[in-house]
Amino acid sequence: MIHPPEYTLVSHVSTLNSVLPPLLKSEVLAIDCETTGLDPLTDSIKLMQIAVPNHPVVLIDLPAIPQSHRALLKKLLGNSALKIAHNAKFDWQFLTQARLQPNGRFFDTQLAYQVLNAGIKTSASLQNVTAQLLHIQLDKTQQMSDWHPPFTQAQLRYAAWDAAILLQLYPILLKKLKQAKLFKIAQLEFRCMPVVAQMELNGMLFDLSQWQILGAKLEAKKTTALQQLKQLHLAGNAQMSLLPELTDTINPNSPQQVLAALQAMGIDLKSTNQKDLIPLAQEYPVIQALLDYRHLSKITTTLTDSLPQHIHPKTGRIHPNYYQLGARSGRFSCRHPPLQTIPRDPAARNCFIAAPGHQILTADYSQIELRIVARLSGDSRMRQAYRQGSDLHRLTAALVTGKPISQVTQEDRRLAKAVNFGLIYGMGAAKLCIYAEIKYGVTMTLAAAKAFRKRFFHAYSGVAEWHETIKRAYIRGTKESRTLAGRRRKWASQPRLAEMLNHPVQGLNADINKLAMAKLFQPLAETNAKLICIVHDEIILECPETMIDQVSHILHNCMVAAAQKFLSPIPVVIDIKASNTW
DNA sequence: TCAGAGTGCGCC
DNA sequence: AAACGGCGCACGCTGA
């Protein structure tokens with residue numbers, strides 16, 4: 001049983017300066033902040049809590065301490081002690097905005113818990129983590145209370161608990177991480193945390209007027225597409241003597257109604273998703289019209305209206321939330337808005353712009369997943385291809401079509417791309433047909449897909465063997481997977497084979513990208529360039545025009561070093577572009 | 001009426 | 001024997 005923590009409330013400079021010196025000697029510092037709200041750009045800290053072992057928790061009424069008297073506090077937060085926090089990104093952002101940026105090493109109890117439980121559905125709230133690891137039920141009733149002095153006893157007790165409990169969680173999580181051989185991965189996450197926190201604060205500059213022009217165009221196209229769809233539907237039903245009014249009663253956004261309508265037109269369909277519709281688009285104009293409408297509807301509803309709502313009134317920029325462990329694979333997820341799903345269409349991406357005197361620097365890993373497969377499988381043909389700097393998609397095209405590389409057409413290459421990406425994750429012939437059509441506009445018969453599949457694994461026999469190794473683990477009933485960097489994904493029940501084939505690749509991609517980010521933190525801080533977005537294998541900076549060369553160099557070096565650590569001897573290629581827009 | 005599963009699709 | 005993976009969001013629909 002853990003006793004309620006003692007605490008000292010500091011609401012005066014003199015108390016602060018007598019209370020802080022012993023804390024300066026501590027190797028660990030547990031930190032928590034109570035704020036006026038959740039937005040570090042507009043809200044502020046009302047109370048900050050600092051806990052060190054064998055000492056009452058220090059509760060600082062921050063607004064009561066003038067900026068000019070925070071030197072000692074600043075020194076404490078900036079020292080080399082290990083800073084422990086739950087969801088440290090939040091506290092880092094608020095403290096940074098208060099000119100109290102924490103420094104040194106970090107231990108985020110939330111990230112630690114998420115690293116340990118990657119793949120398992122579980123809440124990583126402080127309340128749940130504490131319940132699971134310490135069997136203590138934290139009272140969170142004060143969390144949303146009005147943090148305004150004079151603080152109530154209940155508020156102060158709650159605040160003290162939140163910081164004190166971190167000191168209890170830390171050794172338990174540390175031990176678990178080490179036992180599970182996950183400490184290194186956790187440290188990678190901890191190193192990434194300030195980078196992510198700063199990236200969110202930076203945000204992306206967005207050209208609203210250009211976006212609205214684009215939106216209006218898309219809206220008009222959508223209307224046209226809908227009219228076209230209705231006309232074709234009517235025409236299709238004319239011979240069947242259905243009532244014209246029926247067309248107007250059908251909701252084009254309802255898969256159920258659309259399916260019924262298409263079936264009534266005599267089209268043999270089981271579902272109205274892309275994969276079923278695309279093969280019929282040539283034959284039935286109404287289906288092409290539906291696909292066109294769907295596409296435009298998707299873009300307009302999810303982006304045209306929503307993106308402008310995320311422009312921050314204070315900065316004029318878009319500041320999404322990135323979740324370091326938002327994906328089971330170890331990848332980031334991104335929300336509010338999801339900048340990782342902005343269409344590749346330049347018309348859309350050009351609306352993300354650089355500030356005056358700046359440029360957008362985008363750097364992405366070239367074919368990183370295939371290179372990872374080459375590394376993990378050790379496939380000799382892939383390794384050789386990459387060592388020679390040849391184009392692996394062309395090579396695959398040559399191998400599966402039997403043509404010499406010089407005669408490989410663009411169409412062949414597109415087909416090979418589908419084959420490469422599909423087959424490495426265990427795709428079957430049937431899905432390969434669909435996938436090739438949808439993703440690359442390549443039509444192939446089932447027999448052709450079967451043949452390609454066979455030739456692919458014959459040509460890349462190392463990949464086939466690598467699949468076999470994973471398949472054996474799968475058959476043994478293994479319920480976890482590790483990346484080369486040691487990241488673990490667990491499954492609560494039986495995984496699917498494809499998930500087990502995918503995780504070592506997608507997960508290592510995440511490891512590499514995170515290592516690159518961590519490496520970027522210090523060198524980037526010494527420039528005026530800012531990290532503004534991350535899209536899985538792409539790093540986007542906003543950089544002063546005068547520093548493009550210097551920053552490109554830094555970016556390149558960090559990304560190469562991060563990837564080489566795991567990919568060597570497979571070479572790493574980074575594509576870097578500078579432009580006025582994304 | 002409303003939460004939540006399901007469908008569909010944008011990105012990597 | 002066969003089996004691509006990872007997200008977030010908007011929508012219509014279901015069921016309590």
Evaluate whether atom CD1 of A:Ile475 has more than 12 neighbouring non-hydrogen atoms of other residues, nucleotides or ligands under 6.0 angstrom away. yes
[X] side chain, from C-beta outward: closest of [options]:
X	options	result
A:Asn502	C:dA3, C:dC9, C:dG5	C:dG5
A:Arg344	B:dG10, C:dA3, B:dC11	B:dC11
A:Pro343	B:dC12, B:dC11, C:dG12	B:dC11
A:Ala327	C:dG6, B:dC12, B:dC11	C:dG6
A:Arg489	C:dG6, B:dG10, C:dA3	C:dG6
A:Ser306	C:dA10, C:dG6, B:dC11	C:dA10
A:Ser333	C:dC7, C:dA3, B:dG10	C:dC7

[X] has an atom [atom1]; how far is it from atom [atom2] of [N], in whole Å?
X	N	atom1	atom2	result
A:Tyr435	C:dA2	OH	P	21 Å
A:Leu432	C:dA2	CG	C1'	14 Å
A:Leu339	C:dC7	CG	P	18 Å
A:Leu259	B:dG8	CG	C1'	13 Å
A:Ile299	C:dG8	CD1	P	19 Å
A:Ile434	B:dC9	CD1	C1'	16 Å
A:Leu303	C:dC9	CG	C1'	9 Å
A:Phe457	C:dA3	CZ	P	12 Å

Just by distance, with hydrogens left out, do A:Asn509 and A:His536 show a side-chain donor and acceptor under 3.5 Å apart? no
Checking A:Thr122 against A:Asn117: is there a side-chain donor and acceptor pair closer than 3.5 Å? no
Name the residue from A:Asp207, A:Thr581, A:Asn580, A:Asp345 that meets the side chain to side chain donor-acceptor pair (under 3.5 Å) definition with A:Asn350. A:Thr581
Partner of A:Tyr425 under side chain to side chain donor-acceptor pair (under 3.5 Å), picked from A:Gln506, A:Glu369, A:Glu499, is A:Glu369
Identify whether any heavy atom of [X] sits under 4.0 Å from a base atom; if not, whether one sits that close to sugar-phosphate; answer base, sugar-phosphate or nothing.
X	result
A:His295	sugar-phosphate
A:Tyr322	nothing
A:Arg496	sugar-phosphate
A:Ile342	sugar-phosphate
A:Arg453	nothing

Is there, by distance only and without an angle test, a donor paired with an acceptor across the side chain of [X] and the base of [N] below 3.5 Å?
X	N	answer
A:Arg328	C:dC7	no
A:Glu499	C:dG5	no
A:Arg335	C:dG8	no

Integer angstrom distance from the P of B:dG10 to that of C:dA3: 24 Å
Comparing A:Phe421 with A:Thr341, nearest DNA chain C nucleotide closer to 5' gives the residue A:Phe421
Verify the ring-centre separation between A:His467 and A:Phe457: is it less than 6.0 angstrom? yes
